[in-house]
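Working notes, beginning with the structure itself.
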Amino acid sequence: MARLASEIEVTCPCCEATLVVDANLRRVVSHEAPAREDLPELGEAQKLLDAAAARREAVFRQSVADEKSRGDVLSRRFDEALRQAREEPVVKPLRDFDLD
């Protein structure tokens with residue numbers, strides 16, 4: 001592709017992508033990502049999908065277990081708060097106009 005005189009082709013030092021920058025516009029005109037070698041094979045796609053489904057199922061089962069035990073946890077917290085409330089002495093709250 002023919003480049004204009006104001007366009008500069010630059011290689012990104014981080015990702016090795018090729019960028020074309022227009023100096024007049026001060027913008028990236030085009031971007032071309034580098035070829036990746038770590039792309040999964042088509043034959044491995046089913047394995048990847050099965051692994052993702054297994055992860056989702058495990059997370060779902062954990063959330064169900066957490067919800068089942070949530071009532072017990074909340075009741076223990078309530079009992080602890082009630083015990084602390086009974087042990088603390090009852091004091092009249094201090095208001096600003098009581099200080100006058």
Side-chain angles (χ1 to χ4, degrees):
M1 178 179 190
R3 304 259 185 252
L4 298 175
S6 62
E7 291 182 348
I8 302 167
E9 187 172 316
V10 181
T11 302
C12 177
C14 296
C15 65
E16 302 292 324
T18 303
L19 305 170
V20 177
V21 180
D22 191 325
N24 293 337
L25 296 176
R26 296 182 182 178
R27 298 191 190 276
V28 175
V29 178
S30 69
H31 170 270
E32 184 178 327
R36 291 181 42 189
E37 297 174 4
D38 62 342
L39 292 176
E41 294 292 324
L42 188 57
E44 297 176 9
Q46 187 62 38
K47 291 178 188 174
L48 294 173
L49 290 174
D50 291 342
R55 272 194 310 277
R56 284 192 308 270
E57 184 67 24
V59 169
F60 175 73
R61 288 183 189 276
Q62 182 63 39
S63 68
V64 168
D66 291 344
E67 280 297 316
K68 285 182 179 177
S69 65
R70 183 173 182 230
D72 298 335
V73 172
L74 289 177
S75 66
R76 281 195 306 260
R77 289 181 65 192
F78 177 76
D79 292 340
E80 179 67 24
L82 188 60
R83 185 185 59 76
Q84 286 179 356
R86 286 183 181 153
E87 291 175 358
E88 292 178 1
V90 178
V91 293
K92 183 177 179 182
L94 186 62
R95 299 175 294 188
D96 289 339
F97 59 86
D98 288 340
L99 299 176
D100 291 338

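For the single chain, residues carry numbers from 1 onward in sequence order. Note that the structure is a prediction, hence the values are computed from the model and not measured.
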Taking the side chain as every heavy atom from C-beta outward, state whether F78 and L74 have any atom pair closer than 4.5 Å.
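Contact flag for F78/L74 side chains = no.
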
Taking the side chain as every heavy atom from C-beta outward, state whether R70 and D66 have any pair of such atoms under 4.5 Å apart.
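The answer is no; the side chains never approach within 4.5 Å.
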
How close do A33 and A17 get, counting heavy atoms only, and between which atoms?
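Looking at all heavy atoms of both residues, the shortest contact is CA-CB, 4.3 Å.
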
Provide the closest heavy-atom pair for S30 versus V28 in the form atom of the first, atom of the second, distance.
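Scanning both residues completely, I find the closest heavy atoms to be O-CG1, 3.4 Å.
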
How long is the span from the [atom1] atom in [X] to the [atom2] atom in [Y], to the nearest 0.5 Å?
X   : Y   : atom1 : atom2 : result
R27 : D22 : CZ    : CG    : 10.0 Å
E9  : T18 : CD    : OG1   : 5.5 Å
R77 : L82 : CZ    : CG    : 14.0 Å

With [X], which residues qualify under side-chain contact (heavy atoms from CB on, under 4.5 Å), at least two apart?
X   : value
R26 : none
V59 : none
L42 : none
E16 : T11, P34

Under 6.0 Å from the CD atom of E41, do we count more than 12 heavy atoms belonging to anything else shown?
no

Using the test salt bridge (charged side-chain N to carboxylate O under 4.0 Å, His left out), find all partners of E87 that sit at least two apart in sequence or belong to another chain.
R83

Does R61 have any salt bridge (charged side-chain N to carboxylate O under 4.0 Å, His left out) partners at least two apart in sequence or in another chain, and if so, which?
E57

